[in-house]
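Below: the structure, in structure tokens.
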Amino acid sequence: MPTPDSFTRNYNPFYHYLVLSIVLAAFGFRLEWQLPVLSVLMVVAAFSPDRKQIYRGFLKFVLPLILIGFFVNGMFFTGNVVFALGPLKFKGDGLLFASRVAVRLMLIVISIGFFFSKVKAETISEYLVSEGVDRRFVYIYLLSVAMVHLMRDKLQKIYIAQSARGLDTTKNLFARAKYLLPLLVPLSYSYIAESLDRGIALQATNFTGKKDVLHGQTTALLKIEVNRTGLIIGRILLVATLGITLWRLFA
Amino acid sequence: MAEKVSVLEREVNATTIPLIAFGVALNIVVGQAVQLIKLPLYLDSIGTILIACIVGPLAGMLTGAFANLTLGLFFNYAFIFFIPVTLVIGAFSGVVARIGVFKRWYSALPAGLIQGVLSAVASAPISALMFGGVTMGGTDFLVLYFRAIGKSIIQSAFLQGLAADPVDKAVSYLIVYFLLTRIPRSILLRLPGYANT
């Protein structure tokens, strides 16, 4: 979640994405460019009010991946052994490849972490709708996020109920696979029926994805006005992103 | 004369939007169910396959893409990069559903196996080039094994996919078939893809 005093909060969220894309397109393809950019991002992240969120994503996902990557690629690449750790022999080419992957992943994760720590999902949704993106897609996204939590609770209840009726997860693989159906059938049945009813309700409100059914109704979401200057900046950033990407790929 | 309706309008409308959202959530929640039962499979495409069958290929592709986007944003960034694989799964299962593979288990099973091969082909370059073959999945030890016997990264990632995906997708297809046979006809009749079930 972005902090309320964040200076980037009132900027157009799509520009955050474009700036991120420019950084990735310009520096994301070569190791000699990736390292300095990553170092700068790490330093900036350390002073960011959202550093906990950014580093949490890094520690949870990237660090184990990088360590395993170094182990797998260092051990199993062909080439000269650069160092040995007991019986484990690490090859130079493998470690270089693992370094490239590691730096690329860190760059991507820290950039994405920055983006989502500064921009709320609701803000992106609202902005995309205001810019003409079909509201059906935004609705699917928001509804599915809401449904995940409800379905998890329901699945847990069904699991407890089925366990009480004799569902045993200590049996062999085939028996356990069979137990998946008593969990999924009631869950799917109730949610398909509920989704069909929800569909009728949407039809009743004439929800087409294009028409604004709210008709200027007030919203708790942050409204971002896009003026003429903003539009020009957005287009320049878009062209720059495409240009740098093509240049980096084909130059 | 009846107005011509595009595929997008036909498959993504007020009736199907909640079903697609349900498919997205099902993809995510089935992962939890698999952990509860301690199954050594992913089964994270059941929602995609189900929606592709009961709504259509485009809806299936959207379900897969949104599921991976949500998983990527909230759980593990790696899922975002595998969105192209979910598009392949949604498109293929939607197309084969139209020729009636979900009407019998013995047609669902081979279709699932073919789907697994296609998924392996689609995911291998992403896994190899983006993550160096390691994605923190339960089948990473297979990549380790194939690297140890001298295969390249892309070959190892493909062979790992080939070893794991056909079984995973065949089981997913069978589960979708059994789900469809157990859901009452009164509910199925209200679905856009009723003819596929």
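Sequence lines set the chain letters: A, B, ... in the order given, protein chains first and strands last, and positions in each chain run from 1. Side chains are part of it too, since the values below use all heavy atoms of this structure and drop only hydrogens, waters and symmetry mates.
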Region of [X] in contact with chain A, defined by heavy-atom distances below 4.5 Å:
X       : result
B/Leu19 : both
B/Leu8  : both
B/Phe81 : side chain

Just wondering, do [Y] and [X] contact through their side chains at under 4.5 Å, heavy atoms?
X        : Y        : value
A/Leu184 : B/Ile46  : yes
B/Val29  : A/Met147 : no
B/Asn13  : A/Leu202 : no
B/Ile20  : A/Leu143 : no

* To do: Could you give me the CA-CA distance, side-chain angles and deciding distance for B/Phe22 and A/Ser144, then say whether side-chain contact (heavy atoms from CB on, under 4.5 Å) is met?
  => CA-CA 6 Å; B/Phe22 154 71; A/Ser144 58; over 6 Å; no

* To do: Let me see the working for B/Val24 and A/Val148 under side-chain contact (heavy atoms from CB on, under 4.5 Å), right down to the final yes or no.
  => CA-CA 8 Å; B/Val24 174; A/Val148 168; 5.7 Å; no

* Structure fact -> Nearest heavy-atom approach of A/Gly199 to B/Pro18 is N-CG, 3.7 Å

* Heavy atoms only: give me the nearest B/Ile17-A/Arg136 pair and the separation to one decimal. => CD1-CG, 3.3 Å

* Among residues two or more places apart or on two chains, list those pairs meeting ring pair (Phe, Tyr, Trp, His ring centres under 6.0 Å) that have a residue in residues 148-171 of chain B. => none

Heavy-atom cut-off 4.5 Å, strictly under: side chain, backbone, both or neither for [X] against chain B?
X        : result
A/Leu183 : side chain
A/Gln156 : side chain
A/Phe137 : both
A/Ile200 : side chain

Just to be sure I understand the criterion: a residue of [range] counts if one of its heavy atoms is under 4.5 Å from a heavy atom of chain A. Which ones qualify?
range                       : result
residues 87-105 of chain B  : none
residues 164-195 of chain B : B/Ile175, B/Phe178, B/Leu179, B/Arg182, B/Ile183, B/Pro184, B/Ile187, B/Arg190, B/Leu191
residues 62-71 of chain B   : B/Leu62, B/Phe66, B/Thr70

Please rank [options] by heavy-atom pairs under 4.5 Å with chain B and give me the top one.
options                               : answer
A/Tyr189, A/Phe71, A/Tyr139           : A/Tyr189
A/Ser195, A/Ala98, A/Pro186           : A/Ser195
A/Met75, A/Glu194, A/Arg198, A/Arg152 : A/Arg152

* Residues, nucleotides or ligands: over 12 heavy atoms within 6.0 Å of A/Asn80 CG -> no

